[in-house]
Protein chains: 2
Amino acid sequence: MMQSEFNKTKVCIADKHFIHRLGVKTILSVIGIEPDLYEADSLETTLSCLSEINDVKYLIVAQDVLHPKLNKSLRKIKNQNPNAKLLVVCDGPCQAVPGAKLITENDTRQEVLEKFQNFFFHSEPESTDNDSALLSERETEVLKTVALGYSNKETAEKLFISINTVISHRKNITEKLGIKTIAGLTVYAVMHDLIKPEDVKA
Amino acid sequence: MMQSEFNKTKVCIADKHFIHRLGVKTILSVIGIEPDLYEADSLETTLSCLSEINDVKYLIVAQDVLHPKLNKSLRKIKNQNPNAKLLVVCDGPCQAVPGAKLITENDTRQEVLEKFQNFFFHSEPESTDNDSALLSERETEVLKTVALGYSNKETAEKLFISINTVISHRKNITEKLGIKTIAGLTVYAVMHDLIKPEDVKA
DNA sequence: CCAAAAATCCCCATTTATAGGGATAAATAC
DNA sequence: GTATTTATCCCTATAAATGGGGATTTTTGG
């Protein structure tokens, strides 16, 4: 059968949850693919899997394996395996991932199967996006501190500058990023791996 | 075989994600159970499933289907089906659920299979544990709106209440959660799947 | 039915944040 | 070597958040 080409192909499934990996594996057998299968249950095992095993062509990864270092991790993975195809299975809050196909929790059985088939049997090049680091070093420091939940005053004390300076930096940050809410800055900082969510002040 | 007793038993799988339901179904067949199977992909369909179909004995539910009304929903389910057994499959940050077995993303294949077997073949009463100070429905709404980057005033307008009420709710939220910064509330809301990070106001 | 919890609203005072408008010294870029 | 960005600081005024004290009505549980 046509799918036999996949019988030597290396596929890695990265999901912390055994049940979820099992679901993916079942789908693979449903659409008639029996590849060399590798499983990873963390970002670390995923990366070591990719580095130890050559030519992993298909990577099916749960977003929570990547989160919160999503973008950085994807860059790593893309660097290590430039020709790997990426399928991201989102659970709950998800964001589009450059150069990857997305399956969300809202996809029906039909949609999921179609996306899996497309993933394996079609190969359109994905778009690469613009990753801009437009903040200055000091602005980044201020952003980080504010996103961690510190007030302007506290940020000033932490960075040994006047509160006026903090406010100035924040004006620039707001203008450059187009983000004016603290909630938005926090999400931005977490998503860009500037802060760890568990470090955010209560 | 011994499992044949389950061939008439009614089991409901509630998970938004088709892949996850598929994983659960595969496990059932692995441990040799072929029950009357019902699937639900939301809290609503779960509840209607339970009310329309009598004697659903086993309910396997993803935590995200319940959240954020977790405890309330569980109470509802327990009320409607007092003798139903509950297996909660957590994904990501999870909290203990009174009267239910828990499967977490850290469980290995072995542990998952054992827990499923225990779930179906043994019936110890579950321990009820400390009900961590959870937020009321309205408080959750306020938390979500604030975490999305809306000011108290905007939140009041969105929820059709006075700003004083918003402030009152926020006081309760701060007290219950021990989180006083907007950054912290945002992280909490994202981590508990109350909001999607991409929805946070810039 | 009664007690507790939840949801709604109000006042006051203080602290922070935001939105304008600026300025100056030092480093970077072209 | 001049132009630009960066980092620092200041002022004013308004808007918003916080912390403290309340109150009332409705819902919910036992």
Side-chain angles (χ1 to χ4, degrees), chain A residues 132-186 188-189 200-202, chain B residues 68-80 82 98-99 128 130-189 200-202:
Chain A
S132 49
L134 23 78
L135 295 187
S136 75
E137 240 178 286
R138 207 58 172 158
E139 284 163 352
T140 304
E141 282 309 306
V142 170
L143 166 61
K144 278 161 66 175
T145 314
V146 169
L148 284 172
Y150 294 95
S151 69
N152 290 342
K153 195 182 169 193
E154 290 169 319
T155 301
E157 285 160 6
K158 264 184 162 286
L159 300 182
F160 304 106
I161 54 181
S162 142
I163 190 174
N164 300 297
T165 310
V166 174
I167 292 173
S168 286
H169 284 311
R170 288 201 56 184
K171 285 174 191 166
N172 293 332
I173 293 167
T174 299
E175 177 151 9
K176 284 183 178 178
L177 298 185
I179 302 174
K180 61 163 68 177
T181 67
I182 294 177
L185 292 175
T186 300
Y188 179 94
V200 174
K201 222 180 90 180
Chain B
K69 310 179 185 174
L70 186 108
N71 284 340
K72 210 166 198 174
S73 304
L74 280 178
R75 242 180 286 138
K76 265 191 201 167
I77 288 173
K78 281 279 178 188
N79 283 345
Q80 293 198 353
T128 60
N130 46 345
D131 203 6
S132 52
L134 267 190
L135 299 184
S136 73
E137 244 178 287
R138 208 57 172 160
E139 284 162 353
T140 304
E141 283 309 307
V142 171
L143 167 60
K144 279 161 66 175
T145 313
V146 169
L148 283 172
Y150 294 96
S151 70
N152 290 342
K153 195 180 169 193
E154 290 170 319
T155 301
E157 285 160 6
K158 264 182 163 285
L159 300 182
F160 304 107
I161 54 182
S162 141
I163 189 175
N164 300 297
T165 310
V166 174
I167 292 173
S168 287
H169 284 310
R170 287 200 57 183
K171 284 174 190 167
N172 294 331
I173 293 168
T174 299
E175 177 150 9
K176 283 185 179 178
L177 298 185
I179 302 174
K180 60 164 66 178
T181 68
I182 293 177
L185 292 175
T186 300
V187 168
Y188 179 93
V200 174
K201 221 181 91 180

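Just so we're on the same page: letters track the sequence lines, and every chain starts at 1.
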note: A:L185, atom CG; C:dT16, atom P; distance rounded to Å ~ 19 Å
So which nucleotide from C:dG20, D:dA17, D:dA7 ends up closest to the side chain of A:K171?
-> C:dG20
So, is B:T165 close to the C:dA7 phosphate, meaning a side-chain N or O under 4.0 Å from OP1 or OP2?
-> no
Please give, in whole Å, the distance from D:dT8 C1' to A:E157 CD?
-> 17 Å
Step through the shown structure and confirm whether more than 12 heavy atoms of other residues, nucleotides or ligands are within 6.0 Å of NZ on B:K153.
-> no
Enclosure of A:K180 NZ (heavy-atom neighbours >12, cutoff 6.0 Å) | no
Among C:dA17, D:dC9, D:dT6, which is the nearest nucleotide to the side chain of A:K176?
-> D:dT6
When we call it a touch if two heavy atoms are under 4.0 Å apart, what does B:I182 touch: a base, just sugar-phosphate, or nothing?
-> nothing
To the nearest Å, how far apart are A:E175 CD and D:dT5 C1'?
-> 13 Å
For the pair made of CG in B:N172 and P in C:dC9, what is the distance, rounded to whole Å?
-> 14 Å
In plain terms, say whether A:E141 and A:K144 are close enough for a salt bridge, that is, a side-chain N and a carboxylate O under 4.0 Å apart.
-> yes
Mark yes or no for a side-chain to base donor-acceptor pair under 3.5 Å between A:S168 and D:dC9, with no hydrogen or angle criteria applied.
-> yes
For the side chain of A:H169, counting heavy atoms from C-beta on, which of D:dA7, D:dT6, C:dC10 is nearest?
-> D:dA7
Side chain of B:K180, base of D:dG19: donor and acceptor closer than 3.5 Å?
-> no
Nucleotide D:dC9, atom P - distance to CZ of A:F160 in whole Å | 12 Å
Could you check how far CZ of A:R170 sits from P of C:dA17, rounded to whole Å?
-> 7 Å
Drop me the distance from A:T174's OG1 to A:I167's CD1, to the nearest 0.5 angstrom.
-> 11.0 Å
Euclidean distance, atom CD of residue A:E141 to atom P of D:dT6 [Å, nearest integer] | 15 Å
Among D:dC9, C:dT8, D:dA16, which nucleotide sits nearest the side chain of A:S162?
-> D:dC9
Could you pick out which residue, A:Y150 or B:I167, lies toward the 5' side of DNA chain C when each is mapped onto its nearest nucleotide?
-> B:I167
Ranking D:dT18, C:dT16, D:dT8 by distance to the side chain of A:I161, first place goes to D:dT8
Given atom CG of A:N164 and atom P of D:dC9, what is their separation to the nearest angstrom?
-> 8 Å
Below 4.0 Å: OP1/OP2 of C:dT16 and any side-chain N or O of A:N152 | no
pair B:I182-B:R170: side-chain heavy atoms closer than 4.5 Å | yes
